[in-house]
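First comes the structure, then the notes that go with it.
We name chains A, B, ... by the order of the sequence lines, and we start the count at 1 in each one.
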Amino acid sequence: MSRRIVVDPITRIEGHLRIEVEIQDGKIVDAYSSGTMVRGFELILKGRDPRDAWAFTERACGVCTTVHALASVRTVEDALGISVPPNAELIRNLMFCAQYIQDHVVHFYHLHALDWVDVVSALKADPKKTSEIAQSISNWPKSSPKYFSDVQKRLTAFVNSGQLGIFANGYWGHSAYKLPAEVNLLGVAHYLEALEWQKEIVKVHTIFGGKNPHPNYLVGGVPCAINVDEASALNAERLAMVGKLFDDAQEFVEKVYLPDLLAVAGFYKDWGAIGGGLPNYLAFGDLPTNGYNNPASFKFPRGAILNRDLSKVYEVDGKDPLQVEEFVSHSWYEYAEGNDKGKHPWVGETKLNYTGPKPPYEQLNVDQKYSWLKTPRWKGNAMEVGPLARLLVAYASGREDVKDAVTGALKALNVPVTALFSTLGRTAARGIETKLIAVWAKEFYQQLLTNIKNGDTRTFNNEKWEPETWPAEAKGVGLSEAPRGALAHWIVIKDRKIENYQLVVPSTWNASPRDPKGQRSAYEASLIGTPVKNPDQPLEILRTIHSFDPCIACAVH
Amino acid sequence: MEQRAFGRVYVWQLPVRFYHWINALAVSALAITGYLIGAPLAIQSGSEASFSYWFGTVRFIHFLSAFVFFFNFIFRLYWGFAGNQYANWRNFIPTTKKQYTEILDVLRVDILQARIKPLGSIGHNTLAGVTYFVTFLAFLFQSVTGLGMYSAMSDASLPRLFSWIVPLMGGDFAVRQWHHVMMWLFIVFTMIHVYLVFYHDYVEGRGVTSSMVGGWKFIEKESSHLK
Amino acid sequence: MGDRRLTMWENMELRGYSRRDFLQFAGWMAACAGIHVTGLGQVVKAMETKPRLPVVWFHFQECTCCSESFIRSSHPIVSDIVLDKISLDYTETLQAAAGHQAEEALHNTMKKYKGEYLMLVEGSVPTEEGGVYCCIGGRTALDIVTEAAEGAKAIVAWGSCASNGCIQAAKPNPTGATPIHKILSGKTIINVPGCPPIAEVMAGTIVHLLAFDRVPQLDGLGRPKAFYSRRVHDSCYRRPNYDAGLFVESFDDENARRGYCLYKVGCRGPVTYNSCGIIRWNNGVGYPIQSGHGCIGCSEANFWDNGPFYQHLASFPGFGIETTADKVGVALGAVTAAGIAAHAITTNIRKRKLINGEIKKQETTHSKGGA
Ligand code: HEM
Ligand code: HEM
Ligand code: NFV
Ligand code: SF4
Ligand code: SF4
Ligand code: F3S
Ligand SMILES: [Mg+2]
């Protein structure tokens with residue numbers, strides 16, 4: 001007999017995710033993933049000025065803030081045939097890098113760590129030993145016994161207060177927690193440290209985009225002007241701040257995030273064989289170094305991998321009506337021509353039509369429609385997107401820097417390549433790419449300084465700014481990579497207004513319900529076979545789901 | 001055709017005439033400066049901000065004219081009770097059957113361009129009166145929205161009395177938008193108003209145009225108003 | 001320790017802080033809540049005697065940027081708030097527990113601290129179709145928010161979503177997204193609008209509640225006056241350019257590079273109430289205008305429908321996105337002028353004779369009869 005377990009809300013994610021699983025003999029045999037909140041962005045965007053779309057779509061998510069804005073300006077630029085000046089591309093890249101670093105660090109420490117780190121166990125740790133461990137894995141200065149004992153004191157006071165706050169009712173003491181008390185203390189200390197640290201790197205957004213979350217973008221370039229002789233433009237002081245923020249970020253990533261990741265992973269190698277899920281990976285690629293229309297120049301290459309065959313990378317084309325399609329056979333939407341046919345986003349439709357159980361409800365009707373996410377497919381295949389997919393596509397495309405970083409991590413952990421196709425692999429891939437991004441950011445930064453030095457200060461191309469210069473009809477697609485994976489927007493412009501706008505988001509790929517053929521998407525597929533020791537404490541479900549870093553507001557929009 | 005004899009009638013007392021021309025001036029200044037506030041000129045000067053203040057001046061003129069306009073308007077409301085019969089508020093809100101028939105008569109003159117016997121009114125004809133009433137409402141709206149916006153930048157007590165309009169209309173943006181839209185109503189009103197003054201002068205020969213200067217109109221002798 | 005909760009002072013003492021540290025800290029907290037020195041004694045007393053305030057933070061129709069903004073707070077820093085000042089008993093974004101355990105944590109607080117807990121709401125509440133557009137644990141947001149408000153001591157609406165409906169309430173508002181003050185009538189709700197609000201504004205609002213144990217002074221729209229009584233425009237460092245009539249005409253033009261005013265590229269600073277120009281973002285590093293983009297009015301109700309963002313006035317309903325009131329006005333003026341001209345011409349054609357005759361007659365009468 002199998003038993004149905006419902007986890008709703010899934011916490012430590014963005015958005016409203018509900019997971020229902022069937023458990024048999026301590027293992028998950030079936031899984032259903034449902035997004036339970038919708039806002040209707042694609043309906044709200046209709047009829048608006050395409051130049052405003054970035055601001056709307058950016059609000060899809062405040063966690064991966066900026067990536068939708070980036071995808072959106074690209075989409076409009078693609079439709080109108082606008083190319084942006086090199087400085088704008090570099091500034092966008094720098095904002096992209098800052099976003100990844102912040103998002104990945106916060107995911108690791110604040111959204112994912114408590115799946116592996118037992119906070120209560122840290123109370124029993126010997127701070128001296130924690131300090132020794134810390135110093136053996138990194139030369140990060142904050143690692144004295146006093147430092148860790150202060151953290152421990154603070155934690156003790158907190159626990160003794162009887163008000164456990166965000167730690168209340170956690171699965172402390174669960175037998176799936178494997179870390180020694182000392183490593184748990186290290187985790188708690190860095191949880192707090194990272195919480196303080198993450199607010200620094202986002203200042204890159206404040207400098208270029210005025211604020212974070214939700215910095216400003218601009219169709220045709222970036223809004224910030226460069227003038228090294230002006231107080232209220234990008235000048236030496238502002239640029240120096242950007243440089244310093246990235247230096248500090250790189251140090252934090254290399255001395256705290258990665259060492260912690262590897263240290264924790266070392267105790268959970270069994271998770272290198274759990275949670276693999278789909279064998280197909282998709283990346284749209286990003287970080288152009290020579291124009292958005294030249295994907296060969298991207299730091300993250302574009303491509304697809306099928307059946308874990310790393311010897312072949314398939315070409316991906318967002319404009320091909322047969323490649324990316326969205327289905328609604330299990331989603332609370334309705335297509336005019338029937339719900340079982342897929343639709344390319346240029347002809348995509350969004351019509352809300354709730355047919356689920358009347359709330360309050362205990363279970364969803366999973367054989368019917370059961371989610372607010374649509375189901376995207378690439379050439380009919382269910383694909384996993386995200387850091388792992390990005391690294392695999394880059395690896396398979398022969399990118400040396402990526403290969404080195406991946407091999408280095410595998411060696412440090414002493415696990416085979418196949419360990420990548422797992423819950424652990426996903427979490428590790430995120431750390432590995434963060435390290436690469438911290439390096440790339442400095443290249444972009446140097447390039448920006450060089451351009452300015454050479455007298456190129458352009459940040460905006462105004463040729464097609466005025467709507468009078470636009471054609472009566474235009475279509476565009478903006479492909480990009482968000483922290484959680486392949487992201488794209490599609491636009492149809494008619495009479496200078498948005499006629500249709502469709503977002504297909506990384507978490508839509510991963511968290512969607514089944515397609516009409518019954519194929520599971522990544523979350524559902526990855527849960528199959530996951531052991532669950534205590535069905536009343538769904539810790540293992542959280543581990544695998546969190547390894548994707550869910551963002552459901554994004555996914556549904 | 002009947003014979004008509006004209007006599008002089010003193011309709012617009014001095015305060016009304018003063019009111020009228022102050023108002024005409026203030027509204028013109030407000031419309032011009034208001035338009036500039038909404039769509040400032042492009043001055044591609046490379047000058048430093050501290051060397052000039054032209055936009056501030058435009059706004060200052062707007063606010064100055066606004067206060068003149070506002071108090072002038074308040075005065076006119078008072079004069080609607082204190083002034084002579086032609087200035088009285090009853091001229092603006094038709095209540096009698098006679099007034100309604102006159103509206104139709106005026107429409108016949110203005111639109112069908114029919115020739116009818118002289119109008120009963122000596123001051124404003126009833127239709128004009130109604131139009132001015134609508135204009136007064138627009139004055140009120142413009143004052144309230146303007147003072148409402150002004151309250152955000154002032155600690156003075158008068159504008160503060162009007163700050164309620166902002167949340168009521170859903171925020172400053174909406175207030176400004178409507179305040180701006182209303183400017184066009186004034187422009188269109190003035191065009192039609194001035195034209196009709198001349199037109200009525202032309203068809204009636206009562207000296208309407210100059211009446212706002214000197215105060216006298218020339219009215220047919222047999223008219224019951226003429227004493 | 002049982003059920004007795006530690007006061008903030010006890011908490012700090014336990015952590016090895018001296019009395020002096022504590023007083024300094026209290027003074028600094030008071031300062032960031034905008035409290036005058038004379039009120040300091042009150043802050044110190046409040047923190048000495050109060051246990052950590054139980055707080056529940058709800059997430060409805062939102063993008064979670066308010067939470068993200070909150071964790072960017074630098075004074076006080078967020079770990080201090082969460083560990084030492086409040087007891088954040090429920091927040092889906094950060095809490096360890098999930099599913100039933102998360103719901104249980106919520107219910108424990110709601111029961112144990114009935115009438116005492118602070119309720120923070122991020123996101124709007126959909127009301128169409130019985131609220132099916134946002135469900136958590138199988139219950140609608142509508143249901144949850146109504147239940148929780150019952151025992152809340154105070155309610156804060158975070159961000160434009162909870163206080164104005166924000167983007168999902170923009171036309172055509174497909175889900176009936178509703179700000180919470182329209183759902184919970186008869187409750188005092190502190191609106192902290194912004195998309196998102198500034199981190200220190202959020203933290204400052206909480207600090208105010210903690211330190212004084214009362215709701216800060218609110219304006220007519222329920223916003224704390226301490227943060228929303230000034231227009232962005234009135235505290236904008238580009239303001240001298242505005243007064244001098246020096247405007248950016250197009251992005252990255254000569255004027256943009258000189259930091260002129262962004263009014264003509266659509267800046268909503270003159271109609272937006274927020275502290276961006278004063279507190280600035282991300283620990284004072286900048287704010288939208290400082291980085292060259294106009295304010296889009298993100299803390300004002302309906303700001304999404306006041307677009308396009310790069311135009312000073314909103315487009316005129318029914319005339320396409322580029323038609324502002326001015327274009328309609330000019331057209332109306334032209335029509336009026338044409339109408340007048342046509343009228344004048346017909347007048348002359350149709351009535352010249354008639355009137356001429358009339359005038360002649362009158363003239364005769366005058367000269368004969370005398371006046
Ligand atoms: C016939 C009367 C008036 C007309 C035609 C008029 C017209 C205008 C126009 C077109 C604007 C620009 C709106 C925009 O595009 O942003 C404006 C702004 C303004 N008006 Fe008036 N207005 C009138 C009366 C008043 C009055 C009585 C006040 C009272 C104080 C007032 C106060 C303001 C204020 C405060 C602004 C905003 C200026 C700024 O913030 O820079 N207006 N007006
Ligand atoms: C060359 C310009 C103008 C001329 C020759 C003119 C002439 C006149 C005349 C003759 C009257 C009396 C009409 C009647 O008997 O019904 C009148 C009334 C009036 N006019 Fe004008 N006008 C001018 C401009 C304006 C302007 C710019 C405004 C304001 C927008 C304005 C507002 C009014 C109002 C409100 C009245 C009613 C006066 C009262 O009884 O208080 N006029 N005007
Ligand atoms: N899924 C997703 Fe996002 C990301 N990364 C967006 O494109 O999180 Ni909010
Ligand atoms: S107010 Fe804006 S920033 Fe906050 S949750 Fe809503 S959309 Fe996001
Ligand atoms: S940039 Fe905006 S807020 Fe600043 S002065 Fe100009 S209009 Fe006002
Ligand atoms: S857009 Fe928002 S962040 Fe401030 S400057 Fe304007 S209120
Ligand atoms: Mg979509």
Side-chain angles (χ1 to χ4, degrees), chain A residues 7-11 14 16 36-40 43-44 49 52 59 61-63 65 114 153-154 157-158 160-163 165-170 192 195-196 199 202-203 206 208-214 216 223-225 227 230 232-233 352 354 359-361 459-460 462 467 497 542 553, chain C residues 1 5-6 11 14-15 52 61 63-65 68-69 72 77 79 83 87-89 92 94-99 101-102 104-105 129 132-140 167-168 170 174-175 196 250-252 256-259 281-282 285-288 291-293 296 307-310 321-322:
Chain A
V7 190
D8 180 7
I10 296 275
T11 51
E14 194 295 326
H16 301 285
T36 57
M37 187 277 279
V38 64
R39 290 169 293 167
L43 297 165
I44 292 162
D49 188 328
D52 290 357
R59 269 68 183 183
C61 181
V63 175
T65 179
L114 301 183
K153 265 194 217 141
R154 190 176 187 189
F158 182 78
N160 285 348
S161 75
Q163 290 179 290
I166 51 174
F167 301 130
N169 259 8
L192 297 174
L195 192 57
E196 235 182 280
K199 66 183 197 292
V202 301
K203 291 175 180 167
T206 322
F208 294 128
K211 73 199 243 264
N212 170 282
H214 297 334
N216 294 304
C224 48
N227 183 351
E230 169 60 51
S232 100
L352 311 182
Y354 184 77
Y361 54 79
T459 55
F460 171 67
N462 78 346
K497 287 189 283 195
L542 293 182
Chain C
M1 282 266 160
R5 294 176 292 153
L6 296 181
N11 244 309
L14 248 169
R15 287 173 43 207
R52 271 157 53 226
Q61 284 182 303
C63 76
T64 317
C65 73
E68 283 283 346
S69 186
R72 309 281 193 272
I77 63 169
S79 54
L83 291 186
S87 180
L88 191 48
D89 295 347
E92 288 152 72
L94 288 173
Q95 75 191 115
Q101 286 81 9
E104 192 183 62
E129 302 287 327
V132 296
Y133 297 119
C134 180
C135 289
I136 298 152
R139 292 174 66 199
T140 62
I167 184 160
Q168 51 277 0
T175 60
S250 158
F251 287 99
D252 203 28
R257 291 180 186 176
R258 293 176 136 261
W281 282 81
N282 309 105
V285 171
Y287 67 116
S291 73
H293 196 286
I296 62 170
F309 293 137
Y310 299 99
I321 50 169
E322 285 170 85

Exercise for the section: Name the option with the most non-hydrogen atom pairs under 4.5 Å to chain C; the candidates are A:Leu43, A:Ile166, A:Asp49. Expected result: A:Ile166

Problem - Donor-acceptor pair, side chain of C:Glu104 and main chain of A:Asn169, under 3.5 angstrom - result: no

Practice task
Might you point out which heavy atoms bring C:Arg72 and A:Pro213 nearest each other, and give the distance in Å?
Solution key: NH2-CG, 4.3 Å

Handout entry: For the student: nearest non-hydrogen atoms of A:Pro359 and C:Gly138, plus distance
Key = CB-O, 3.4 Å

Handout entry: chain C contact via A:Tyr354 - which portion, at a heavy-atom distance below 4.5 Å
Key = side chain

Handout entry: Heavy-atom pair count under 4.5 Å with chain A, highest-scoring of C:Gly137, C:Ala256, C:Ser250
Key = C:Gly137

Exercise for the section: Would you check if the side chain of C:Gln61 reaches a backbone N or O of A:Val38 as a donor-acceptor pair within less than 3.5 Å? Expected result: yes

Practice task
Enter the distance from C:Asp252:CG to A:Asn227:CG here, rounded to the nearest 0.5 Å.
Solution key: 10.0 Å

Exercise for the section: Would you indicate whether the side-chain heavy atoms of A:His214 and C:Pro196 approach each other to under 4.5 Å? Expected result: yes

Completion exercise
Of C:Ser69, C:Ala105, C:Pro174, the largest count of non-hydrogen pairs under 4.5 angstrom with chain A goes to C:Pro174

Completion exercise
Interatomic distance, CG@C:Leu83 vs CG@A:Leu195, rounded to 0.5 Å, equals 8.5 Å

Fill in the blank from the handout: Counting heavy-atom pairs under 4.5 angstrom with chain C, the leader among A:Cys61, A:Ala553, A:Gly40 is A:Cys61

Completion exercise
Separation between CG (A:Asn212) and CD (C:Glu68), nearest 0.5 Å, reads 7.5 Å

Handout entry: Residue selection (most heavy-atom pairs with chain A, distance under 4.5 Å) from C:Thr140, C:Val132, C:Ile296
Key = C:Val132

Problem - Test item: A:Thr36 side-chain N/O and C:Cys135 main-chain N/O as donor-acceptor pair under 3.5 Å - result: yes

Practice task
Could you look at A:Leu114 and say if it's the side chain, the backbone, both or neither that has a heavy atom under 4.5 Å from chain C?
Solution key: side chain

Practice task
Could you tell me which portion of A:Ala225 (side chain, backbone, both or neither) has an atom closer than 4.5 angstrom to a non-hydrogen atom of chain C?
Solution key: both

Handout entry: Nearest-0.5 Å distance that lies between atom CZ in A:Phe167 and atom OG in C:Ser87
Key = 11.0 Å

Exercise for the section: Determine the option with the most heavy-atom pairs under 4.5 angstrom with chain C, choosing from A:Val63, A:Val7, A:Asp8, A:Asn462. Expected result: A:Asp8

Handout entry: Donor-acceptor contact present, side-chain A:Asn216 to main-chain C:Pro288, <3.5 Å
Key = no

Exercise for the section: Report yes if the side chains of A:Arg39 and C:Cys63 come closer than 4.5 Å at any heavy-atom pair, otherwise no. Expected result: yes

Handout entry: side-chain contact (heavy atoms from CB on, under 4.5 Å) between C:Tyr310 and A:Asp52, intermediate numbers included
Key = CA-CA 8 Å; C:Tyr310 299 99; A:Asp52 290 357; 3.6 Å; yes

Exercise for the section: Heavy-atom distances under 4.5 Å only: say whether A:Ile44 touches chain C with side chain, backbone, both or neither. Expected result: both

Handout entry: C:Asn282 (side chain) donor-acceptor with A:Lys203 (main chain) under 3.5 angstrom
Key = no

Handout entry: From A:Lys211 atom NZ to C:His293 atom NE2, the distance as rounded to the nearest 0.5 Å
Key = 10.0 Å

Handout entry: Side-chain heavy-atom pair A:Leu352, C:Tyr133 within 4.5 angstrom cut-off
Key = yes

Exercise for the section: Sequence neighbours left out, what passes side chain to side chain donor-acceptor pair (under 3.5 Å) with A:Lys199? Give chain and number order. Expected result: none

Exercise for the section: Name the region of A:Thr65, side chain, backbone, both or neither, that has any atom closer than 4.5 Å to a heavy atom of chain C. Expected result: neither

Problem - Check: A:Arg59 side chain, C:Ile167 main-chain N or O, donor-acceptor pair, under 3.5 Å - result: no

Fill in the blank from the handout: When rounded to the nearest 0.5 Å, the distance separating CD of A:Glu196 from OG of C:Ser79 is 5.0 Å

Problem - A:Thr11 versus C:Ala96, closest heavy-atom pair with distance - result: OG1-O, 4.1 Å

Exercise for the section: May I ask you to name which of A:Ile10, A:Leu542, A:Val202 has the most heavy-atom pairs under 4.5 Å with chain C? Expected result: A:Val202

Handout entry: Most contacts with chain C, counted as non-hydrogen pairs under 4.5 angstrom, among A:Gly209, A:Pro9, A:Pro467
Key = A:Pro9

Exercise for the section: Please identify each residue that fulfils side chain to side chain donor-acceptor pair (under 3.5 Å) with C:Ser291, with sequence neighbours left out. Expected result: none

Handout entry: Leading residue by heavy atom contact count with chain A [cutoff under 4.5 Å; candidates C:Arg257, C:Arg139, C:Glu129]
Key = C:Arg257

Practice task
Specify the closest pair of heavy atoms between A:Phe460 and C:Phe251, including all atoms of both residues, with the distance to one decimal.
Solution key: CD2-O, 3.1 Å

